[in-house]
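Below: one structure in structure tokens.
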Number of protein chains: 2
Amino acid sequence: MHVAARRRGPFASVKITDVATEAGVAPMTVSRVLNTPERVSETTAARVREAIEKLGYVPNMIAGGLSSRRSRMIAAIVPTIASPMFSEPVQSFTDAMHRAGYHVLLGLSGYTPGTEDGLIRAVLTRRPDGLLLTGAAHSPEVKRLLRDAGVPVVEIWDASDTPTDMLVGFDHAEIGAKVADFFLARGHRRFAVLTAGDPRARLRRRGFIDRIEARGGVLVAERILPAPSGIRDGRTALQAIADQIPPRTALFCGSDLVAFGAVTQARALGIAVPETLAVCGFGDFELAQASEPPITSVGVDGTAMGRQAAENLLARLAGGSAPRRILIPAGIRERATT
Amino acid sequence: MHVAARRRGPFASVKITDVATEAGVAPMTVSRVLNTPERVSETTAARVREAIEKLGYVPNMIAGGLSSRRSRMIAAIVPTIASPMFSEPVQSFTDAMHRAGYHVLLGLSGYTPGTEDGLIRAVLTRRPDGLLLTGAAHSPEVKRLLRDAGVPVVEIWDASDTPTDMLVGFDHAEIGAKVADFFLARGHRRFAVLTAGDPRARLRRRGFIDRIEARGGVLVAERILPAPSGIRDGRTALQAIADQIPPRTALFCGSDLVAFGAVTQARALGIAVPETLAVCGFGDFELAQASEPPITSVGVDGTAMGRQAAENLLARLAGGSAPRRILIPAGIRERATT
DNA sequence: TTGTATGCGTTATCAT
DNA sequence: ATGATAACGCATACAA
């Protein structure tokens, strides 16, 4: 037979019709037992479930998705999950989506411009019911593509005035300025920045530097680090700017890992923290909270961000609406390094 | 029309037939241009690409998957990505899969027994072409389900003699014993363990304790921590066992985060490291390498593990074969805490 | 509450 | 190198 000759895929293809036959009902009834059990009488449902069990039926959502035009998949695209900055929101987002019966397609775009574009294109091919993206800066073509697709999109970690669709984030430049104000209020006049070169880190840096210069402060040292940057990058960079630090400098780091590295290296060099070097990190990771000395940091609740993004998306998927722009609180947690 | 009345899904459904019409070819030719361009003459291919561009066609892999019975998706199921233990392999695995044209479905199973089962079942519903699982301990039903599915499976982070299909990992009990030997060789007689309660951490603990007792060592303190455990858990636990530490104890920690917490707290309490308290962590995360003092740890290359898992899977997906069991090297990196 | 008819958008297969 | 045809396995829409 033609059909039988077809390549035997995996999944010893028990299909919905087999279950239906076994249970003595129509395929549609089996489908209902699976998707809308409340519309099936308990007795037939039981019979169907028995047949499913007996045959070891595993529904095929690919077929279901083609028919219903809903994939029940969400694509989540972040630069990396090697940093808590993104692993936290992805973790909470995925958890929330699982609870709602969705699966998450993980896309890692790296920090090379252009990769994200390709990834978004590729992922749209799978017809996700929704998208989680990092940042609101996408190429015009992709923005158009997303609109055409008509798929709900949440952008996180950013605060554009013109999100593609929905946004859950905060203003990085504002945070930078806030940190500057924090230092200025404590009498600092000399400043330094260690930050990665990614767009959002650059925004924080910009906000920080602008505010400092507006208030007559002096930027005595600066280093742009690779993204994602880590503890070692912080140590190396601090080593490189050590000479500029005395008599007293306030340092803003692009992430808590960098801040931890800077503090560690400063102490190794005999630079007093916070007396000679005051340090503020970013992210408020466990490392900042639980290391010694605990590090002052900008608290951004990545877990909450992921959860909120999921909520928004789910609201829209349920046919409802969700806020276009949610700014999540981000404040300075003062600790022993300032 | 019936068809037109159907719920308008997203994706202003330009389909392959539209492209075909526009280009004046059969749909199958468009499909070939997309999937096997080498089988199409360059001139028609160019015409087709032009049509695709003009119409903004985005292929539908759901339909393609149904027809070809290959989803070009791999499911990766790990307990969490909040720990570098799993985020590293997932990162490298996903990167490798992306490069090969596959997408990764991320499943987070947590540490509650039973969750993984449900997740595997759910994910099989999407007909992944392959699976990455954490550990080789699955319920008999799931193992059967996986075999029936006929899908290639790689299990990581474990060294069962009877992997479901393929395995890339190492023997945790052996590592525990290795750490014990390491300490014993340095004259230690008093030992302590701080480890999470997950199955693999328990294996390491078991191997450690058994070896110690076999060699006449004494376990003076032990704490089981929540999984995944962090820096704070390490600090708290060390605080709790501080009295048992003098005059000299060797501590094995279930993860570098815990080890870092323990070292931090020990120093805060004035316990000399490594003189009074020798510490060995697990995972060899950047934190162990770059903190002060650098922490002795068991090095496991999570990135390599993920990459190797991807390689195996890809080999099988390409119709080839791959080793059933790959043990990756895991050795002690001696640093300043021992 | 249950069943019937039909289409979802693509690719395998065979034919030319 | 290209085309015609027939599935792929399910859910929508409607009827009973």
Side-chain angles (χ1 to χ4, degrees), chain A residues 1-21 23-48 52 55 57-72 124-127 129, chain B residues 1-21 23-48 52 55 57-72 124-127 129:
Chain A
M1 290 290 304
H2 203 108
V3 175
R6 193 164 177 142
R7 180 175 72 65
R8 289 232 356 110
F11 296 95
S13 40
V14 175
K15 44 191 119 176
I16 203 168
T17 51
D18 301 325
V19 175
T21 306
V25 298
M28 197 50 226
T29 300
V30 178
S31 174
R32 288 197 185 96
V33 170
L34 260 21
N35 302 313
T36 52
E38 67 280 8
R39 293 188 188 177
V40 181
S41 81
E42 193 36 58
T43 51
T44 56
R47 207 146 32 92
V48 168
I52 289 176
L55 301 180
Y57 171 62
V58 178
N60 184 332
M61 288 194 78
I62 299 231
L66 179 58
S67 180
S68 67
R69 290 159 159 276
R70 296 183 317 136
S71 62
R72 295 199 155 283
L124 283 178
T125 251
R126 314 223 107 117
R127 299 298 188 266
D129 292 339
Chain B
M1 289 292 301
H2 201 110
V3 174
R6 191 164 179 144
R7 180 174 71 66
R8 290 230 358 107
F11 295 93
S13 40
V14 175
K15 46 191 120 176
I16 203 169
T17 52
D18 301 326
V19 175
T21 306
V25 298
M28 199 51 226
T29 299
V30 178
S31 175
R32 288 198 185 95
V33 170
L34 260 20
N35 303 311
T36 53
E38 68 279 9
R39 294 188 188 177
V40 181
S41 81
E42 193 36 60
T43 51
T44 56
R47 209 150 26 95
V48 168
I52 287 175
L55 301 180
Y57 171 61
V58 178
N60 183 332
M61 287 193 80
I62 299 232
L66 178 60
S67 179
S68 69
R69 291 160 157 272
R70 297 183 317 135
S71 61
R72 295 199 156 283
L124 283 179
T125 255
R126 315 220 105 117
R127 298 301 187 264
D129 292 340

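Each chain gets a letter, A, B and so on, in the order the sequences are listed, and its residues count up from 1.
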Looking only at side-chain N and O atoms, does Thr44(A) come under 4.0 Å of OP1 or OP2 in dT2(C)? yes

Base dG9(C) to side chain Ser67(B), donor-acceptor N/O within 3.5 Å cut-off: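 By the distance-only test, no, there is no pair.
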
Whole-Å distance, Tyr57(B) OH to dG9(C) P, equals 10 Å

Give me each pair satisfying salt bridge (Lys or Arg N to Asp or Glu O under 4.0 Å) with a member in residues 32-41 of chain A, each pair once, sequence neighbours excluded. none

Taking atom C1' of dC8(D) as reference, at what distance in whole Å does atom CE of Met61(B) sit? 15 Å

Most 5' of Gly65(B) and Glu38(A) on DNA chain C, judged by nearest nucleotide: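 First, find each residue's nearest nucleotide; the 5'-ward one identifies Glu38(A).
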
Is there a side-chain polar atom (N or O) of Arg69(A) under 4.0 Å from OP1 or OP2 of dG9(C)? yes

So do Arg127(B) and Leu66(B) actually touch side chain to side chain, heavy atoms under 4.5 Å? no

What integer distance in Å separates Arg127(A):CZ from dC10(D):P?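 That distance rounds to 21 Å.
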
With sugar-phosphate meaning primed atoms plus P, OP1 and OP2, does Pro59(B) contact a base, only sugar-phosphate, or nothing at under 4.0 Å between heavy atoms? sugar-phosphate

If only side-chain N and O atoms of Arg70(B) are considered, is one of them under 4.0 Å from the OP1 or OP2 phosphate oxygen of dT11(C)?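 Indeed not, no polar side-chain atom of Arg70(B) lies that close.
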
Spacing of Met28(A) atom CE relative to dT6(C) atom C1', expressed in whole Å: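 Distance check: Met28(A) CE to dT6(C) C1' gives 13 Å.
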
Just N and O in the side chain of Ser41(A): are any of them under 4.0 Å from OP1 or OP2 of dT1(C)?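 So the side-chain polar atoms of Ser41(A) never come under 4.0 Å of the phosphate oxygens OP1 or OP2 of dT1(C).
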
Tell me: CZ of Arg32(A) to C1' of dG9(D), nearest whole Å? 17 Å

Regarding Ala26(B), tell me which of base, sugar-phosphate or nothing describes its non-hydrogen contacts under 4.0 Å with the strands shown.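 Sugar-phosphate contact only - Ala26(B) comes under 4.0 Å of backbone atoms but never of a base.
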
Would you say dT1(C) has OP1 or OP2 under 4.0 Å from some side-chain N or O of Thr29(A)?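 No, outside the criterion.
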
Give a yes/no on whether any side-chain N or O of Ser31(B) is located under 4.0 angstrom from OP1 or OP2 of dT11(C). yes

Contacts of Asn35(A) that satisfy side chain to side chain donor-acceptor pair (under 3.5 Å) - sequence neighbours left out: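 With sequence neighbours excluded, Asn35(A) shows a side chain to side chain donor-acceptor pair (under 3.5 Å) to Ser31(A), given in chain and number order.
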
Go through it in stages, so that I can follow the logic: the residues are Thr125(B) and Val58(A), the test is side-chain contact (heavy atoms from CB on, under 4.5 Å), and I'd like the CA-CA distance, side-chain angles, deciding distance and then a yes or no. CA-CA 6 Å; Thr125(B) 255; Val58(A) 178; 4.1 Å; yes

